[in-house]
Amino acid sequence: MPSGSSFRFPKERRVRKRPDFVRVQASPHRATTKHFVFLFAAGERADAPWRAGVVVTRKLGGAVERNRIKRVCRECFRKTRDLFPDGVDVVVIARAGAHLLSQGEVLAEWLGAKRHFEKKGAAARLAKAEK
RNA sequence: GACGCCGCCCAGGCGAUCGCUGGUCCGGCCCUCCGCGAGGAGGGACCGGGCGGGAGGAAAGUCCGAGCUCCGAAGAGCACGAUGCCGGGUAACGCCCGGUGACGGAAACGUCGAGGAAAGUGCAACAGAGAGAGACCGCCCGCGCCCGAGGCUCCGGCCUCCGCGCGGGCAAGGGUGAAACGGCGGGGUAAGAGCCCACCGCGCCCGCGGCAACGCGGGUGGCAUGGCAUACCCCAUCGGGAGCAAGGCCGCAUAGGCGGGCGCGCCGCGCGUUGCCUCACCCGCGAGGGUGGGGCCGCGCGCGGAUCGUAGGACGGCUCGUCCGAAGUCCGCGGGUUGGCUGCUCGAGGUCGUCGGUGACGGCGGCCCUAGAGGAAUGAUCGCCCCUCCGCGAGGAGCAAUCGUCGCGGGGUACAGAACUCGGCUUACGGACGACGUCGACC
RNA sequence: GGCCCCAUCGUCUAGCGGUUAGGACAUCGGCCUCUCACGUCGGUAACGCGGGUUCAAUUCCCGCUGGGGUCG
């Protein structure tokens with residue numbers, strides 16, 4: 001097993017394939033904050049760590065602004081290993097104004113909504129188990 | 001100092017911590033092979049660690065030009081498209097450099113699709129007589145008529161002016177227009193006209209300078225040739241088409257299906273068969289019938305062959321051309337796939353020196369290796385410093401406006417993210433430096 | 001990432017060198033009606049932006065801006 005630091009965020013912790021994005025975005029389990037929308041779906045393995053991906057549309061700005069939002073989000077994923085329950089796939093959609101936030105502001109916004117994430121993530125896992 | 005103009009350069013720096021990414025090395029783990037064995041060799045897409053690397057001048061727009069790859073060999077012609085003063089640079093260009101001309105500016109300097117309008121076609125609303133060759137008003141001459149006015153008179157009339165008609169000459173003037181048949185002045189004439197003359201413009205010829213575009217000078221013609229080719233077009237030059245989601249390999253999956261188009265040719269041999277012709281034998285008195293053999297034509301099957309390669313088909317604009325060719329082949333639909341590896345980064349590469357060139361650039365020599373991602377990396381947090389703006393305070397120079405120094409607090413630091421790779425163009429945008437032009441002040 | 005289109009009243013569109021930039025729907029006002037609707041008459045309202053060619057540009061050329069489509 002990988003030892004290393006718990007603050008890493010390698011490729012296998014991310015949502016990377018088009019079918020995964022489509023599957024998660026079709027899910028009914030969602031939570032919203034002021035600048036972000038979170039979508040939850042059960043992952044392939046219930047015991048694996050959660051995976052996350054970020055979506056930023058062209059409406060929010062040019063490549064520089066959109067890349068900045070993704071980087072800030074990834075940094076927050078990296079620093080909060082227990083933000084979401086294990087075994088779920090999460091897609092985060094940025095909303096208007098997200099590019100103006102600093103990393104600290106994003107982190108505070110997310111931690112404030114953590115209890116909603118846990119509830120929605122559990123619901124998504126339960127839905128898959130019943131199926 | 002102000003305003004302007006041109007060129008060149010930079011794209012905040014350092015440190016700490018936590019990360020991302022691909023390269024390389026080491027270790028672990030796993031796999032394969034060899035060995036009786038300890039072990040050895042090779043591999044790995046897994047895990048950990050060390051080392052060094054990681055956005056731009058525009059990475060952008062995708063507007064040009066190439067490399068590279070495939071399509072049908074990338075060859076010729078037509079069509080179509082692009083370019084368009086001259087010379088040079090370059091792999092190439094619609095780019096760059098130098099020159100010429102025109103235009104703009106007081107200047108530094110800038111801008112320009114800047115070939116052909118005596119090859120042809122076309123266009124020019126409205127206005128105007130007329131928009132490519134014309135005559136409305138008008139001017140002039142001759143003849144005729146006559147209301148009127150004037151003059152002369154030998155009292156019969158005659159002349160002049162005005163008006164009308166007919167025939168002829170003219171294109172100066174009027175006015176319209178964006179543009180009106182060279183301009184302006186003089187001579188000339190019945191009135192006029194390059195009809196003649198001077199100057200200017202234009203065309204042609206000659207000489208000189210220049211590789212050339214073109215410039216300068218002289219002579220000559222006597223205006224013939226109006227504008228628009230960013231209207232069609234002509235001329236010259238260039239271009240086959242598509243694009244890294246090109247293309248190659250592996251794996252997986254699905255299908256071997258449905259509909260439609262065009263097709264079953266030529267020569268030889270063999271077999272079968274319908275028809276026709278013919279021969280022999282048999283039967284019948286006979287018309288005729290039967291059996292067998294041979295020949296011909298058609299059809300079917302099989303084998304072999306040929307080339308006029310026909311019909312037909314393929315070919316990313318078309319034709320020539322090329323290929324396939326009676327084997328089936330082609331088109332459309334349906335179905336299925338959006339996994340991995342590769343292409344993928346060393347190249348018309350940078351940089352320094354030197355030589356040649358006005359320059360773009362080129363030759364030679366030395367040195368350097370400089371991102372390769374893939375829901376897509378190059379980041380985040382903190383500290384210090386740099387630049388700059390605002391406010392407050394301190395003290396300095398100066399008569400003053402003001403200028404610069406230090407400290408504290410607060411703010412700002414542009415445009416913007418590689419996606420196969422180069423050369424350009426265009427657009428966005430913060431700042432530093434230098435040269436030059438004009439104006440003003442001081443020494 | 002590549003390739004290809006489009007832009008005209010509030011909306012859908014016609015026009016393609018000289019137009020009062022036309023039409024339909026919508027909107028505003030009048031007439032009709034007891035009222036509304038229908039009908040009818042009239043009005044308001046547009047060439048994405050910046051250069052160039054031309055006497056003249058919505059139209060032709062160039063550059064931007066903003067939309068859209070498509071691709072093993």
Side-chain angles (χ1 to χ4, degrees):
Chain A
M1 278 303 288
S3 56
S5 164
S6 63
F7 297 116
R8 305 181 72 251
F9 192 63
K11 278 181 182 173
E12 40 295 346
R13 295 287 308 284
R14 303 182 212 153
V15 177
R16 297 184 66 204
K17 299 298 177 194
R18 173 74 185 163
D20 288 334
F21 273 92
V22 171
R23 180 172 54 81
V24 175
Q25 288 182 62
S27 163
H29 307 288
R30 65 175 62 197
T32 57
T33 65
K34 187 170 172 57
H35 298 102
F36 297 94
V37 176
F38 296 79
L39 294 160
F40 299 90
E44 292 170 8
R45 294 172 53 200
D47 58 333
W50 50 268
R51 299 191 301 168
V54 184
V55 173
V56 188
T57 66
R58 298 262 305 267
K59 287 180 185 173
L60 271 73
V64 173
E65 283 80 13
R66 286 182 284 131
N67 279 345
R68 187 186 138 71
I69 292 169
K70 288 182 179 181
R71 283 168 182 156
V72 168
C73 289
R74 276 203 304 274
E75 193 70 9
C76 294
F77 291 148
R78 185 172 73 78
K79 289 188 172 176
T80 57
R81 178 75 181 272
D82 58 346
L83 184 67
F84 307 114
D86 280 347
V88 297
D89 289 345
V90 185
V91 169
V92 178
I93 302 173
R95 307 173 78 183
H99 66 285
L100 298 172
L101 302 176
S102 72
Q103 187 195 313
E105 290 169 323
V106 171
L107 205 54
E109 186 173 320
W110 289 11
L111 289 174
K114 188 179 170 188
R115 57 192 181 86
H116 299 296
F117 300 162
E118 309 227 337
K119 199 167 78 181
K120 296 291 182 178
R125 292 181 61 178
L126 195 67
K128 188 188 181 187
E130 286 173 355
K131 204 170 181 180

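None of the values given here were measured: they were computed from a predicted structure. Convention: sequence-line order gives letters A, B, ...; per-chain numbering from 1.
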Which nucleotide, if any, forms a Watson-Crick or G-U wobble pair with [N], using both distances under 3.5 Å?
N: B:C406; answer: B:G393
N: C:U33; answer: none
N: B:U237; answer: B:A82
N: C:C64; answer: C:G48
N: B:G138; answer: B:C170
N: B:A60; answer: B:U426
N: B:C269; answer: B:G302

Does OP1 or OP2 of [N] have a side-chain N or O of [X] closer than 4.0 Å?
X: A:R71; N: B:A376; result: no
X: A:R8; N: B:C20; result: yes
X: A:R14; N: B:A376; result: yes

Report task. Look at the side chain of A:A63 and decide which nucleotide, out of B:A418, B:U21, B:A416, has an atom nearest to it. Result ->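 Out of B:A418, B:U21, B:A416, the nucleotide with an atom closest to A:A63's side chain is B:A418.
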Query raised in the report: A:E75 side chain: which of B:C18, B:U378, B:A55 is closest?
Result: B:C18
Report task. Not counting sequence neighbours, which residues clear salt bridge (Lys or Arg N to Asp or Glu O under 4.0 Å) with A:R68? List them please. Result -> none
Which whole number of Å gives the distance between the [atom1] atom of [N] and that of [M]?
N: B:G209; M: B:G183; atom1: P; result: 39 Å
N: B:U220; M: B:A190; atom1: C1'; result: 34 Å
N: B:U427; M: B:U62; atom1: P; result: 16 Å
N: B:C112; M: B:G105; atom1: C1'; result: 16 Å
N: C:U65; M: B:C63; atom1: P; result: 13 Å
N: B:G15; M: B:G61; atom1: C1'; result: 40 Å
N: B:C252; M: B:U319; atom1: P; result: 45 Å
N: B:G336; M: B:G256; atom1: C1'; result: 13 Å

Query raised in the report: So what does A:R68 hit on the nucleic acid, given a heavy-atom distance under 4.0 Å: a base, only sugar-phosphate, or nothing?
Result: sugar-phosphate
Report task. Select base, sugar-phosphate, or nothing to describe what A:V15 touches, counting heavy atoms under 4.0 Å on all strands. Result ->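 Answer is sugar-phosphate: A:V15 comes under 4.0 Å of backbone atoms only.
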Requested in this report: Kindly say whether, by distance alone, the side chain of A:R78 makes a donor-acceptor pair under 3.5 Å with the base of B:C18?
Outcome: yes
Query raised in the report: Less than 6.0 Å separating the ring centroids of A:W110 and A:F36?
Result: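 Yes, they do, as the ring centres are separated by less than 6.0 Å.
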Query raised in the report: So does A:R30 have more than 12 non-hydrogen atoms from other groups sitting under 6.0 Å from CZ?
Result: no
Requested in this report: Quick one: do A:R78 and A:E75 satisfy salt bridge (Lys or Arg N to Asp or Glu O under 4.0 Å)? Show the steps, please.
Outcome: CA-CA 5 Å; A:R78 185 172 73 78; A:E75 193 70 9; 2.3 Å; yes
